Amino acid sequence: MKIFYIYLIKRSFLFSLFILLVFGVLDSVFRLLSELENISDSYDFLNIINFIFASMPHNIVGFVEGACLLGVMVSLGISHKEGNLNVLRSAGSSPFKIVALSSVGALLIVIPMLVLDDISFRHIYLDSQIDKNVLLEKKVNQDDIKWIKYKNSFLSYNNIINNKVFNPQLIKIVKKDKIVSIKSSVAEIKDNNLIFDNNKSEYFELPLRAKVSYQNIDHEGILKIALYRSYFASSIIKEDILFKAHLDKVFFKTIFLPFSIFILITYFGSLIFTSLRDSNLGMRITVAVFGAFIYKLLQDLSIGIFISYNLPMLLGVILPAMILALLSLDAYRKI
């Protein structure tokens with residue numbers, strides 16, 4: 001029986017990895033077509049290709065959930081067609097054990113991907129974003145300008161990525177009749193010092209909220225997110241509470257992702273032995289894709305409601321999975 005189990009794990013791993021790579025390639029093609037709109041003398045085709053390849057490892061993490069579910073469903077479907085699942089059931093293996101063991105192959109992809117993304121992929125992605133922004137030298141929309149005050153200095157900027165401030169302009173009031181202004185395309189943050197393109201340096205303490213914007217939360221590492229959450233834990237300011245809720249959302253969704261994938265595989269895997277046992281592989285994939293889509297919608301809706309009413313974010317993230325787990329228990333009980 002061990003040979004069959006190893007075979008199921010290996011097959012689900014290979015199918016999940018293959019589907020993940022296909023998703024990554026398709027996503028990169030669409031991103032390439034989108035980036036071609038920005039092509040210029042400074043941001044040429046080679047720069048675009050470098051940006052696409054540098055972004056790909058981080059971007060495909062977003063497809064891990066769907067790829068693993070499809071990989072296991074395809075693996076189980078083929079094994080069912082070959083009669084391997086009937087052999088395992090005849091030998092005394094329960095449907096839950098078969099599906100759970102098949103999910104191991106997919107989870108062998110998920111956990112390393114999350115770890116690599118946290119320590120490497122996201123850094124490569126952010127660096128590529130910085131290089132792209134510098135090469136593009138886009139005109140800044142005035143609606144995107146943000147202002148921060150520190151003592152007698154004012155700083156305007158467009159965005160902050162990895163300690164790089166884009167389109168900064170520092171206005172410092174030295175005396176009532178003397179104002180100093182420093183402006184550049186990019187400034188670097190080092191020990192609360194802003195170092196501009198012209199090597200001019202000014203001391204300026206940026207608040208944490210300025211360093212982490214809503215648009216960049218999804219690209220922060222899990223350890224940084226945990227640190228930021230602790231900074232805002234005791235704040236009673238409405239804006240800080242809302243910001244912490246979004247930090248909690250990213251933190252718990254990332255931590256819970258392997259369990260979420262396991263529960264999705266467990267539920268839809270049960271259909272191989274129940275209502276979908278006589279259907280073809282295409283039908284199984286269609287049901288799994290549609291079901292995973294509904295699950296994501298419910299999770300986003302649950303999170304949105306819990307953010308709006310300032311409820312515990314952990315519960316908002318896991319509530320759809322808890323419902324799916326109960327449906328899974330009922331499904332396996334009936335097999």
Side-chain angles (χ1 to χ4, degrees), residues 38 40 42-43 47 51 58 118 122-251 307 310:
N38 298 321
S40 63
S42 59
Y43 188 57
N47 296 133
F51 172 71
H58 175 70
D118 197 66
R122 71 177 187 86
H123 293 291
I124 297 172
Y125 169 82
L126 291 173
D127 288 341
S128 68
Q129 281 281 4
I130 292 172
D131 294 337
K132 172 188 170 181
N133 289 341
V134 171
L135 291 170
L136 279 176
E137 296 181 349
K138 285 184 177 180
K139 291 183 179 179
V140 182
N141 189 331
Q142 292 301 313
D143 293 335
D144 295 332
I145 293 294
K146 307 173 186 67
W147 285 91
I148 304 172
K149 180 180 181 297
Y150 172 68
K151 294 184 177 180
N152 61 338
S153 298
F154 299 86
L155 176 70
S156 68
Y157 65 96
N158 174 240
N159 197 6
I160 298 178
I161 303 176
N162 254 12
N163 291 327
K164 299 281 186 179
V165 185
F166 290 92
N167 299 294
Q169 181 178 11
L170 181 71
I171 299 174
K172 185 176 182 180
I173 302 175
V174 181
K175 296 179 181 179
K176 289 184 179 180
D177 57 345
K178 186 178 180 180
I179 297 176
V180 175
S181 178
I182 306 174
K183 186 177 181 180
S184 68
S185 58
V186 182
E188 185 176 0
I189 305 171
K190 281 189 177 180
D191 300 324
N192 287 326
N193 283 291
L194 291 176
I195 303 174
F196 294 83
D197 286 343
N198 50 16
N199 289 326
K200 287 187 177 180
S201 177
E202 286 288 340
Y203 187 85
F204 192 99
E205 291 187 10
L206 279 84
L208 181 62
R209 277 286 304 277
K211 295 180 181 179
V212 189
S213 64
Y214 282 105
Q215 66 193 77
N216 294 329
I217 288 178
D218 290 334
H219 307 303
E220 292 290 345
I222 194 67
L223 295 179
K224 273 194 173 182
I225 292 290
L227 181 63
Y228 297 154
R229 290 176 66 243
S230 66
Y231 288 156
F232 289 99
S234 59
S235 177
I236 58 174
I237 300 174
K238 184 178 180 180
E239 290 78 7
D240 288 348
I241 293 173
L242 179 61
F243 190 70
K244 183 179 180 295
H246 284 275
L247 290 172
D248 289 343
K249 176 190 72 174
V250 176
F251 180 80
I307 288 178
N310 193 27

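Keep in mind that what you see is a predicted model, and the values were worked out from it rather than measured.
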Are the side chains of [X] and [Y] in touch, meaning some heavy atoms are under 4.5 Å apart?
X	Y	value
Phe196	Val186	no
Leu247	Phe232	yes
Asp118	Leu223	yes
Ile217	Tyr228	no
Leu136	Lys132	yes
Leu135	Asn133	no
Asn47	Asp131	no

Grab the two heavy atoms, one from [X] and one from [Y], that are nearest each other, plus how far apart they are.
X	Y	answer
Ile148	Phe204	O-CZ, 3.6 Å
Ser184	Pro168	O-CD, 3.1 Å
Leu206	Asn192	N-OD1, 4.4 Å

Can you pull the salt bridge (charged side-chain N to carboxylate O under 4.0 Å, His left out) pairs that have at least one residue in [range], sequence neighbours excluded?
range	result
residues 221-242	Arg209-Asp240, Arg229-Asp248
residues 196-206	Lys172-Glu202
residues 154-170	Lys164-Glu188

| So Ile222 and Phe251, side-chain contact (heavy atoms from CB on, under 4.5 Å) or not? Walk me through it. | CA-CA 6 Å; Ile222 194 67; Phe251 180 80; 3.3 Å; yes
| Between Lys178 (side chain) and Val180 (backbone), is there a donor-acceptor pair under 3.5 Å? |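 Here the side-chain-to-backbone pair does not exist.
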| said: Given 3.5 Å as the limit, does a donor-acceptor pair link the side chain of Asn152 with the main chain of Ile173, or not? | reply: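 It does hold such a pair.
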| Partners passing side-chain contact (heavy atoms from CB on, under 4.5 Å) against Ser181 (at least two apart in sequence or in another chain) |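 Residues passing side-chain contact (heavy atoms from CB on, under 4.5 Å) with Ser181: Gln169, Ile171.
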| query | Which value, rounded to the nearest 0.5 Å, describes the distance between Ile241 atom CD1 and His246 atom NE2? | reply |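 The NE2 atom of His246 is 12.5 Å from CD1 of Ile241, to the nearest 0.5 Å.
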| Pairwise distance CD(Gln129) to CG(Asn159) - rounded to 0.5 angstrom |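 With rounding to 0.5 Å, CD (Gln129) is 9.0 Å from CG (Asn159).
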| query | Ring centroid separation for Phe166 and Tyr157, is it under 6.0 angstrom? | reply |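 Ring centres of Tyr157 and Phe166 not closer than 6.0 Å.
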| request: Given side-chain contact (heavy atoms from CB on, under 4.5 Å), test Ser201 with Leu194 step by step and report yes or no. | output: CA-CA 5 Å; Ser201 177; Leu194 291 176; over 6 Å; no
| request: Please name all residues satisfying ring pair (Phe, Tyr, Trp, His ring centres under 6.0 Å) with Tyr125, sequence neighbours left out, ordered by chain then number. | output: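 So Tyr125 forms a ring pair (Phe, Tyr, Trp, His ring centres under 6.0 Å) with His58, His219.
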| task | Determine, step by step, whether Val174 and Ile179 satisfy the side-chain contact (heavy atoms from CB on, under 4.5 Å) criterion, reporting the C-alpha distance in whole Å, the side-chain angles of both residues, the deciding distance to 0.1 Å, and the verdict. | result | CA-CA 6 Å; Val174 181; Ile179 297 176; over 6 Å; no
| task | Not counting sequence neighbours, which residues clear side chain to side chain donor-acceptor pair (under 3.5 Å) with Ser234? List them please. | result |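 Ser234 satisfies side chain to side chain donor-acceptor pair (under 3.5 Å) with no other residue.
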| request: Please indicate whether Tyr203 has more than 12 foreign heavy atoms, meaning atoms of other residues, nucleotides or ligands, lying under 6.0 Å from its OH. | output: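 Enclosed: over 12 neighbouring heavy atoms sit under 6.0 Å from OH of Tyr203.
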